[in-house]
Amino acid sequence: MADSNFIDYVKFCSRSGAGGAGSVHFRREKHVPKGGPDGGDGGRGGHIILRGNAQHWTLLHLKYKKHVIADSGKGGEGGKRTGADGKDIILEVPLGTVAKDAETGEKRFEITEDGQQVILTAGGRGGLGNDHFKTATNQAPHFAQPGEPGIEEWIVLELKLLADVGLVGFPNAGKSTLLSSISAARPEIGDYPFTTLVPNLGVVSYRDEKSFVMADIPGIIEGAAEGKGLGIRFLRHIERNSILLFMIPADSPSIEAQYRILLGELEKYNPELLDKKRILAISKADMLDFDLMKEMEAEVPKELPYLFISSVSQFNLDKLKDLIWQAIHS
Ligand SMILES: Nc1nc2c(ncn2[C@@H]2O[C@H](COP(=O)(O)OP(=O)(O)OP(=O)(O)O)[C@@H](O)[C@H]2O)c(=O)[nH]1
Ligand SMILES: [Mg+2]
């Protein structure tokens, strides 16, 4: 089975703490019979905060958290003492985590750096103590501000993988096989469609200890944008990749037609995906002889660099790495 511990979507209720109430208090000292107001401010309610952590690769650790609740701030006290703030709750998330409002689907922010902290749900402000409300006409205010309530909201976190190259292809094109032959990743491989159900990442080492990261995602088919096959849920993983490697098997009836279908599905999902650099790998070239390869070259789309490759015979895999490396770094 594919790694079912890969969780790239979680939904939970996020509740920040209420602010503490401001205090109504008057100074009492031995020789000051009618002391002025000295009620302190209430403390801030605890925030719910997201923090980027490069050691995390999935949202699995948040899967069973349905409610995340921060403490309220404490009330202010006499002697202008401010109440303690409610404790913040910090959720560690992998880089590439996008926070959204679950009800509207609206994107709030994205965590892209290790240690980056962003407040997801802000704690309520503490109320001001009566000390703040003294005026010329009211020297002894008997009121203070209440604390601001906390916020309760449903949040969705989605993970986009941070890879340099994203593999795009129909099921069975040989994407997982390529990843396993040029990296240490061991995705499942099968001679049936939709072998890959969750994305896999692999680090591909390149000349002189250089490397890049490749993402193998489930195959997409015509109509994916309308939910066919596994749909396009996984396409968000390639939104962050700097280049796209299209993979079409050499035994396809028409390379050009398949390429156009894939392109069309990407465009329907997010037209910005078409701004990325593309490379075409015509896979399973071990099934072709040299003459057939020459013949097929005529019908390969000319708008992008292409290579015939074979993961089985290792044909052109080094050249493919060169091409990818150049595209990433140009
Ligand atoms: N002859 C040949 N067969 C290959 C090559 N690469 C992959 N295959 C075969 O093609 C089939 C599909 O390979 P996968 O790597 O699972 O394909 P995929 O694109 O990951 O498929 P999905 O995960 O279903 O989207 C398997 O039976 C592989 O053995 C190749 O270079 N040559
Ligand atoms: Mg696969």
K284 vs D251, salt bridge (charged side-chain N to carboxylate O under 4.0 Å, His left out): CA-CA, chis, key distance, verdict: CA-CA 8 Å; K284 311 189 187 180; D251 59 350; 5.4 Å; no
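- Although no hydrogens or angles enter the test, the distance criterion places a donor-acceptor pair under 3.5 Å between the side chain of S181 and the main chain of T177.
- A donor-acceptor contact closer than 3.5 angstrom links the side chains of R278 and Y259.
- A donor-acceptor distance shorter than 3.5 angstrom exists from the side chain of K277 to the backbone of S330, with no hydrogens or angles considered.
- Here the shortest heavy-atom pairing between D41 and H132 reads OD1-NE2, 2.9 Å.
- Checking side-chain atoms of K302 against main-chain N and O of V300 turns up a donor-acceptor pair under 3.5 Å.
- Considering every non-hydrogen atom in both P171 and I221, the closest pair reads CD-CG2, 3.4 Å.
- Enclosure of atom NZ in K87 is not indicated, since only 12 or fewer non-hydrogen atoms of other residues, nucleotides or ligands lie within 6.0 angstrom.
- A donor-acceptor pair shorter than 3.5 Å can be found between the side chains of D216 and S176.
- Rounded to the nearest 0.5 angstrom, N200 CG and K175 NZ are separated by 11.0 Å.
- One hydrophobic cluster, built from ILVMFWY side chains closer than 4.5 Å, holds both V10 and I155.
- Taken together through direct or relayed side-chain contacts under 4.5 Å among Ile, Leu, Val, Met, Phe, Trp and Tyr, I111 and V98 form parts of separate hydrophobic clusters.
- In summary, the side chains of S313 and D286 do not present any donor paired with an acceptor at a separation below 3.5 Å, with no hydrogens or angles considered.
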Could you walk me through whether F308 and F315 satisfy the ring pair (Phe, Tyr, Trp, His ring centres under 6.0 Å) test, starting with their C-alpha distance in whole Å, then the side-chain angles of each, then the deciding distance to 0.1 Å, before giving a yes or no? CA-CA 8 Å; F308 285 92; F315 174 61; 7.8 Å; no
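- When side chains are defined from C-beta on, F246 counts as touching L263, because their heavy atoms get closer than 4.5 Å.
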Checking E158 against K100 for the salt bridge (charged side-chain N to carboxylate O under 4.0 Å, His left out) test, could you report, in this order, the C-alpha distance in whole Å, the side-chain angles of both residues, the deciding distance, and whether it holds? CA-CA 8 Å; E158 282 181 354; K100 291 181 173 174; 3.2 Å; yes
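- Annotation: side chain to side chain donor-acceptor pair (under 3.5 Å) contacts of T82 (sequence neighbours excluded): none.
- Although no hydrogens or angles enter the test, the distance criterion places no donor-acceptor pair under 3.5 Å between the side chain of E295 and the main chain of L292.
- Within a 6.0 Å radius of CZ in F290, other residues, nucleotides and ligands contribute 12 heavy atoms or fewer.
- A250 approaches I282 most closely through the heavy-atom pair CA-CG2, 3.8 Å.
- Note: E148 CD to R44 CZ = 11.5 Å, rounded to the nearest 0.5 Å.
- Taking a 6.0 Å sphere around NZ of K294, one finds it holds 12 or fewer heavy atoms contributed by other residues, nucleotides or ligands.
- Between W325 and Y206, the two ring planes are parallel [angle under 30°; tilted spans 30° to 60°].
- The CD1 atom of I49 sits 9.5 Å away from the CG atom of L120 when rounded to the nearest 0.5 Å.
- D131 and H25 are not linked by any side-chain donor-acceptor pair at a separation below 3.5 angstrom, with hydrogens and angles left out of the test.
- No side-chain donor-acceptor contact under 3.5 Å links N53 to the backbone of V93.
- Q145 places a side-chain N or O within donor-acceptor distance of the main-chain N or O of L128, the cut-off being under 3.5 Å.
- Taking the side chain as every heavy atom from C-beta outward, V165 and V213 never approach each other to under 4.5 Å.
- Among all heavy-atom pairs drawn from C13 and E152, the shortest one is SG-CG, 3.5 Å.
- The aromatic ring centroids of H142 and F26 lie less than 6.0 Å from each other.
- Between R207 and D318 there is no salt bridge, since none of the side-chain N atoms of the basic residue sits less than 4.0 Å from a carboxylate O of the acidic one.
- Heavy-atom neighbours of E272 CD from other residues, nucleotides or ligands within 6.0 Å: at or below the threshold of 12.
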May I have the step-by-step check of salt bridge (charged side-chain N to carboxylate O under 4.0 Å, His left out) for R81 and D38, ending in yes or no? CA-CA 8 Å; R81 279 195 301 270; D38 71 348; over 6 Å; no
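- A donor and an acceptor atom, one from each side chain of E153 and T121, are located under 3.5 Å apart.
- R186 places a side-chain N or O within 3.5 Å of a backbone atom of S180 that can act as its donor or acceptor partner.
- Counting non-hydrogen atoms of other residues, nucleotides and ligands closer than 6.0 Å to CD of E222 gives a total of 12 or fewer.
- Heavy atoms only, all atoms of each residue included: S23 and G78 are closest at OG-N, 3.9 Å.
- Residues H47 and D88 bring no donor and acceptor atom of their side chains to less than 3.5 Å of each other.
- Annotation for A122 and S16: closest pair O-OG, 2.7 Å, computed over non-hydrogen atoms.
- Using a distance-only test at 3.5 Å, with no hydrogens or angles considered, a donor-acceptor pair links the side chain of D101 to the main chain of T104.
- Side-chain atoms of Q139 come within 3.5 Å of backbone N or O of T135 as a donor-acceptor pair.
- More than 12 heavy atoms of other residues, nucleotides or ligands sit less than 6.0 Å from atom CD of E303.
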